[in-house]
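First up is the structure itself, then whatever we jot down about it.
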Amino acid sequence: MKLSKLVGSRFKERPADCVIDSHALMVRGGYMKNVGNGIFSEFPLLKKITAKIEKIIREEMDAIDGQEVLFPVTLPADLWDESGRYESVGNELLRFTDRSNARMVLAMTHEEAAVHLVREYAQSYTKYPFMIYQIQRKFRDEARPRAGMIRVREFTMKDAYSFHTSQEDLEDYYEKCYQAYNRIFARAGIPEVVTVASDSGMMGGNISHEYMLLTPVGEDSIVVCAECDYRANMEAAENKIVNEDAGQAKELQCVETPECKTIEAVCDFLNSDVKKSCKAVVYQKNADDTFVVAFVRGDYEVNETKLRNLVGGELHTAEIIEEDCLVAGYIGPYGIAKEAEVYLDVSLKGISDLVAGANKEGYHYTGLNLERDLEKAEYVDISKIQEGSICPCCGNKAITIKRGIEVGNIFQLGTKYTKTMNMQYTDENGQQQYPIMGCYGIGVGRLAASICEVCHDEYGPVWPITVAPWEVHICCLRADDTEAKETADKLYQELLKDGVEVIYDDREGIRPGAMFSDADLLGVPIRVIVSPRNLKESCVEITTRDKSVKEMIPIKETASYIKGLRQKLYEDIKEKVTE
RNA sequence: CGGCGUGUGGCUCAGUUUGGUAGAGCGCAUCGUUCGGGACGAUGAGGCCGCAGGUUCGAAUCCUGUCACGCCGACCA
């Protein structure tokens, strides 16, 4: 490929609306173009990269006996009625009607379609286990797309669905997939992707893992233990708290605390320790009238995901008005209105002397002892784990919080979809059974952007050779110089003949600086510089995009040197792939 | 859905406060001089200033509405 023909333009200035580097570089480099809110087109440059990522994914999925299929993007709503998700999923699911007014959806995930495809086929236990996957577009009407290709509304995803006749078999396969995913990310040049325990969310099921690329621009908070292997999404991380120094029990007193509506104000006013205070956070359940009040220690935050799982319904931020049974700013667990559903966080357990709202305008209690003063004090885990907290796995106070991009996930779904959609098989005893499912996703475009995010410098991406748009980039610095042109042409042809993927910048009248800048934006791992200056020494210059190699190579040895270097780059990546 | 912000040639932005009929740099085209980290000069093309109303002799500028995009939050396999 000659660079002069590559569709897509590169430019110097950072686009104004790009917040993260990978977004800015991929726009500047002519990789993609924004079409609408969270919707992008891919130029050839990005398409080449995503095609390589897809190839790696296909190879690894096929290696664990996956079979590629293709589901439609548009699905009749009936199918989503079967699983109940037409109703239960929020606005991320784009619903519309066709010309005959039939209800349709744009698929945001394909569990329903997968069950639909195989439920007649797989009526006998002899067909199991099997896995089907596809690499295809999805649409999710995200409330807030952001960060370029990291969070978009329409995107390419590999989604896989496995079907099993026993939990053990699912777990075996889950483990295989777990390893396949590690190989995929290592082969794509980001072996540093870690797995974390996660919340299953709307997918249902029990066990699930997310594959996280740790980077400060990530939008998920990841809990990592410095002492052991424990890693979890903040949403799912158990918060273990032991209030050892609980203090002396004191008399329960109702004290006046005027205009103290925040926990900080109360503690300031009473000159008390925030760690001995009780903070209330109020939600409303399922948009009905039920208030859900979560109490956590004053220095903790409510983990809404954990709370939502406990409550078993949707939660909305509540606004308390005067007619309500609660007193905004003065809510406490003692003497709270019976209408409210109350949850006490484990962070409150064992504190004998708490400051808490008195459920009365302008008053708080001091000396509150939940075990003593409440009829029933049950504690649940609904607070966010913090930096330095106790690791739920090893018990050390070694928790750190990092940021990560979720590049893939795997779920043990169980029978949620096979039951609701009535998919059954006959087992060896002639009994009807529901198959057990797993599902496994990887966002292709997000993966490409994530690689760029962790593999770039100030001038452009530094693509790992396994996903790079080309392997070698030839810059002919003076295409008007006959000798340079002929040398570069010849090298180009020779490399092509040997099956090397080459982009050849043969443009005349482009100054070296501009040519280098373009090459940096393309991020091709091996660069060959042919110029009159180098030719005086009968050499060409060969560098790597990451600057680790910079050699003058005699012209005659160029092709073999490049092939050797290419080989080495592939091997460097292969070394990090665990078998 | 709430808060904030921005819409002016392909890109980055000025001009809006105080209305007078649109600018700069980059990019693009042609010519010349240049040529190892985004050169210089000359000439040229390209914009009904997001859209719709309104005020006015006159609107990019003031008013009303609307749409789009971005950021923060809520939400999110």
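Naming: A, B, ... by sequence-line order, numbering from 1 per chain.
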Worksheet item: For residues A:Asp159 and A:Tyr161, is any side-chain donor paired with an opposing acceptor at under 3.5 Å?
Response: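 Result is yes, a qualifying pair exists.
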Worksheet item: Judged by modelled atom types alone, do A:Thr215 and A:Glu453 share a side-chain donor-acceptor pair under 3.5 Å?
Response: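 There is no such pair (donor and acceptor under 3.5 Å, judged by atom type) between the side chains of A:Thr215 and A:Glu453.
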Dump every N/O contact between nucleotides 24-28 of chain B and the protein below 3.5 Å, one line per pair.
residue, atom, partner, partner atom, Å
B:G25, N2, A:Glu13, OE1, 3.0

Worksheet entry | Rounded P spacing from B:G23 to B:U16 in Å | 15 Å
Discussion item. Listing request: all side-chain hydrogen bond (donor to acceptor under 3.5 Å, both in side chains) pairs with a residue in residues 437-451 of chain A, at least two apart in sequence or in separate chains.
Written reply: A:Ser162-A:Tyr440
Closest approach to the side chain of [X], judged atom by atom: which nucleotide of [options] is it?
{"X": "A:Arg511", "options": "B:G37, B:C35, B:G38", "value": "B:C35"}
{"X": "A:Glu92", "options": "B:C75, B:G36, B:C72", "value": "B:C75"}
{"X": "A:Phe516", "options": "B:C75, B:G70, B:G36", "value": "B:G36"}
{"X": "A:Asn37", "options": "B:U34, B:G37, B:C69", "value": "B:C69"}
{"X": "A:Arg144", "options": "B:G37, B:C71, B:G38", "value": "B:C71"}
{"X": "A:Ile529", "options": "B:C72, B:A39, B:G36", "value": "B:G36"}
{"X": "A:Ala16", "options": "B:U12, B:G37, B:C35", "value": "B:U12"}
{"X": "A:Asp17", "options": "B:C35, B:C69, B:G38", "value": "B:C69"}

Fill in: Set of side-chain hydrogen bond (donor to acceptor under 3.5 Å, both in side chains) partners for A:Asp21, sequence neighbours left out
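Here the qualifying residues are A:Arg14, A:His456.
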Discussion item. Students often get this wrong, so: under 4.0 angstrom with heavy atoms, is A:Arg527 touching a base, only sugar-phosphate, or nothing?
Written reply: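 Base, at least one base atom sits under 4.0 Å.
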Worksheet item: If you look at every strand shown and take non-hydrogen atoms under 4.0 Å, does A:Asn91 touch a base, only sugar-phosphate, or nothing?
Response: nothing
Fill in: Closest non-hydrogen atom pair between A:Pro461 and A:Leu521, with its separation
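Here A:Pro461 and A:Leu521 meet closest at CD-O, 3.3 Å.
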Mind checking who [N] pairs with, Watson-Crick or G-U wobble, both distances under 3.5 Å?
{"N": "B:U43", "result": "B:A29"}
{"N": "B:A14", "result": "none"}
{"N": "B:C71", "result": "B:G3"}

Worksheet item: Is there a side-chain contact between A:Tyr181 and A:Asn409 (heavy atoms, below 4.5 Å)?
Response: no
Worksheet item: So does A:Asp520 pair up with A:Arg527, basic N to acidic O under 4.0 Å?
Response: yes
Worksheet item: Is the base of B:U12 touched by the side chain of A:Arg14 through a donor-acceptor pair closer than 3.5 angstrom?
Response: no
